[in-house]
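All values below were derived from every heavy atom in this structure, side-chain atoms included, with hydrogens, water molecules and symmetry-related copies excluded. Numbers for residues simply follow the sequence, beginning at 1. Note that the structure is a prediction, hence the values are computed from the model and not measured.
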Amino acid sequence: MRTIPKPLVMINQWTIVLSVIISLITQTAWILLIPLVANTSSLLIGFHPILVVAKRFLSKPANQYIQEDYAQLRFNQWLAVSFLLVASISFLLNWSILFNTAAIMVGLAASIALAGFCIGCFVRFQFQQWNYRRKKSAL
């Protein structure tokens, strides 16, 4: 099973939260490009520039930290990238309500994850349960 050390996951979450806060305060979307590009790069080619740099600052070997499930994190990344992309595009189209809504949603999700509850994990679990029940009832 592939995993990622929790401190690296938290660095990514903090990057999202801080960029959303700065974007909302300044009402500009350029800062959202930092987590958007980093997470999109991770999803498409497996390279997350922020985590590559952050990994150098871990005080212990990566395998000695609490690990997070890679598949779950990819699902969460797809959600985050989607909301960051919607926020960025809506900013370019001057749709301020959608920009603010999408930015707040991804920022809240990352903040809540930092507090200990993963909304993306809950959504994925519910989807998996629904899929299981659907397949089971088809038999």
Exceeds 12 heavy-atom contacts within 6.0 angstrom, atom CZ of R2: no
Contact summary for F75 and V123, nearest pair of heavy atoms: CZ-CG1, 4.0 Å
L32 versus P35, closest heavy-atom pair with distance: O-CD, 3.2 Å
By side chain to side chain contact (heavy atoms under 4.5 Å, CB included) - contacts of I66 (at least two apart): K6
Distance in Å, T15 OG1 paired with L36 CG, rounded so as to fall on 0.5 Å steps: 13.0 Å
Enclosure of F83 CZ (heavy-atom neighbours >12, cutoff 6.0 Å): no
Test side-chain contact (heavy atoms from CB on, under 4.5 Å) applied to N131 and R134, R133, Q128, the passing residue: R134
Residue pair V17 / G107: nearest heavy atoms and the distance that separates them: CG2-O, 3.9 Å
Distance-minimising heavy-atom pair for S19 and I31: O-CG2, 3.2 Å
CG on L85 to CH2 on W78, rounded to 0.5 Å: 10.5 Å
Closest non-hydrogen atom pair between V20 and I104, with its separation: CG1-N, 4.5 Å
Smallest separation among heavy atoms of A80 and V106, with atom names: CA-CG2, 3.8 Å
